[in-house]
There are 2 protein chains.
Amino acid sequence: MKQVSEKVVSRLIIYRKYLKELLADGQKSIFSHKISAYTGASAAQVRRDLMNVGYNGTPVKGYNIKDLMTSISEFLEKENTIEVAIVGFGNLGKSIVDYCNGRNSRLSISAAFDTDPNKINRVIHGCHCYANTEMETIIKENKVEVAILAVPREDAQKVADKLVACGIKGILNYSPTRLQVPANIYVENRDMLMALEKVAYFANNVHGGKNK
Amino acid sequence: MKQVSEKVVSRLIIYRKYLKELLADGQKSIFSHKISAYTGASAAQVRRDLMNVGYNGTPVKGYNIKDLMTSISEFLEKENTIEVAIVGFGNLGKSIVDYCNGRNSRLSISAAFDTDPNKINRVIHGCHCYANTEMETIIKENKVEVAILAVPREDAQKVADKLVACGIKGILNYSPTRLQVPANIYVENRDMLMALEKVAYFANNVHGGKNK
DNA sequence: TCATGTGAAGACATTCACAGCA
DNA sequence: TGCTGTGAATGTCTTCACATGA
């Protein structure tokens, strides 16, 4: 499959979400400049990005929403469901599962891990919570490929090492630590304080309404 | 002040965090290639980014950690404390406040807003929760410049409109909606499902250990 | 006519490579 | 000696602009 940059993938995800809303709204087709207005990417950018997924629109009707959505989804997630686990089932962990589960039919957060005995073996938001000690068994049995890290800073690196050892290939890291992992593991960092610092900077140094 | 891109700002924030750890660790000085190894940016990139903040190192010692940290902070946050408010004080909102408050002396999340009577007028994690109806008063009185949005999708746009009307200049948006705001308002979107979708893609389409 | 798909140009970001310095 | 600071080169991303097609 064609090699695509992070930026393109991020935008495709945004487009898909918009298309989903349009579809729910009963619309049939859409033009690139409409997608542009909503997502902040330029119309030319939208068309270029869509070249990657190999779906063609027509000048008169633009893009068929349903077909385009299907094409983007096939491009992004292939055929099978991707299994996700979350480590750290506190306030943050729970809100992540609560929001994400059920919203993408090809992604399923089916296991949580925590050390708190009050959470272990309970099912919260459709997600079974296991003890951290069961991590290796559960991850391998369920072929979990992606993990979300929502543990305190001091535990993050240790847990990440363990996840990598279990064969995980991608980590969405909400812990405030930069993880040191092998180069073939994909890490997306979502430190909340850093995000806030960035917004604070641009709130005070206006930047001219850009997309990102 | 010099105009700087989002990427540079994001990296400066990462460097600063690393410097903070080094300082806590008792270190005095650091070389660009060390910062590089930790943060994932190349050494040349680190040096280029630091040109923006106007701090100079020396060939033999590298950068003085404390002075460099100060310079970066002055560059990022100017002199005064920036006031932040959070709207939506559920699981997610609480965990954001819990993690962020007290970790950057120039950023303070001092007000929360919610509609739940059980939360209103309580102080949680050092943050006073007000009714949504008090938003305008509180924001103007406290000169709040930045808001964090952690409300359900259906309320997000309405709340954002209100925040903009109150004079907010930047929004950190955890709600799963793309906000439509005037061009001079800076928005950073942190949709959690989209983040997960991105990780899932690159977990299956290896990308060669890149920074971002 | 009006939007798509896309070569080519342009803008932006990163890396190279080396002079200069302590 | 070995690092910084930085022009110049390279590489990547975005926009332009237009031929094409319904």
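Order of the sequence lines fixes the chain letters, A, B, ..., with proteins taken first and strands second; residue numbering starts at 1 for each chain.
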On a heavy-atom basis, which atom in [X] and which in [Y] lie closest, and how many Å separate them?
{"X": "B:Arg11", "Y": "B:Ala41", "result": "CD-CB, 4.0 Å"}
{"X": "A:Leu92", "Y": "A:Ser95", "result": "O-OG, 2.9 Å"}
{"X": "B:Cys129", "Y": "B:Asp114", "result": "SG-CB, 3.8 Å"}
{"X": "A:Leu19", "Y": "A:Met69", "result": "CB-CG, 3.5 Å"}

Where do N or O atoms of nucleotides 1-5 of chain C meet protein N or O atoms at under 3.5 Å, pair by pair?
unit_1, atom_1, unit_2, atom_2, d
C:dA3, O4', A:Pro59, O, 3.0
C:dT4, OP1, A:Ser32, N, 2.7
C:dT4, OP2, A:Ser32, OG, 2.5
C:dG5, OP1, A:Gly57, N, 2.7
C:dG5, OP2, A:Tyr63, OH, 2.7
C:dG5, N7, A:Arg47, NE, 2.8
C:dG5, O6, A:Arg47, NH2, 3.0

Plane angle bin for B:Phe75 and A:Tyr201 - parallel if under 30°, tilted between 30 and 60°, otherwise perpendicular: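 Ring orientation of A:Tyr201 relative to B:Phe75: parallel.
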query: With under 30° as parallel and over 60° as perpendicular, where do the rings of A:Tyr55 and A:Tyr63 fit, or are they tilted in between?
result: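 It falls in the tilted class, 30° to 60°.
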- request: To the nearest 0.5 Å, tell me how far A:Lys17 NZ sits from A:Arg103 CZ.
  value: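 Rounded to the nearest 0.5 Å, the NZ-CZ separation comes to 8.0 Å.
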message: By the 4.0 Å heavy-atom rule, please label B:Lys7 as base, sugar-phosphate, or nothing.
response: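 Answer is sugar-phosphate: B:Lys7 comes under 4.0 Å of backbone atoms only.
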- prompt: Quick one: is D:dT12 close enough that its OP1 or OP2 comes under 4.0 Å of any side-chain N or O from A:Ser5?
  reply: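 Checking D:dT12 against A:Ser5, no side-chain N or O comes under 4.0 Å of OP1 or OP2.
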Provide, to the nearest angstrom, the distance between the [atom1] atom belonging to [X] and the [atom2] atom belonging to [N].
{"X": "B:Gln45", "N": "C:dA13", "atom1": "CD", "atom2": "C1'", "answer": "7 Å"}
{"X": "B:Asp49", "N": "D:dT4", "atom1": "CG", "atom2": "P", "answer": "14 Å"}
{"X": "B:Glu6", "N": "C:dC12", "atom1": "CD", "atom2": "P", "answer": "14 Å"}

task: Please tell me which of A:Ala44 and B:Arg48 maps to the more 5' nucleotide of DNA chain C, matching each residue to the nucleotide holding its nearest heavy atom.
output: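 First, find each residue's nearest nucleotide; the 5'-ward one identifies A:Ala44.
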Watson-Crick or G-U stems of DNA chain D, 3 or more pairs, under 3.5 Å, by first number: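 C:1-22 with D:1-22 - these are the stems of 3 or more pairs that involve DNA chain D.
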- request: Could I get the full list of side chain to side chain donor-acceptor pair (under 3.5 Å) partners for A:Lys94, not counting sequence neighbours?
  value: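 For A:Lys94, no residue satisfies side chain to side chain donor-acceptor pair (under 3.5 Å) once neighbours in sequence are set aside.
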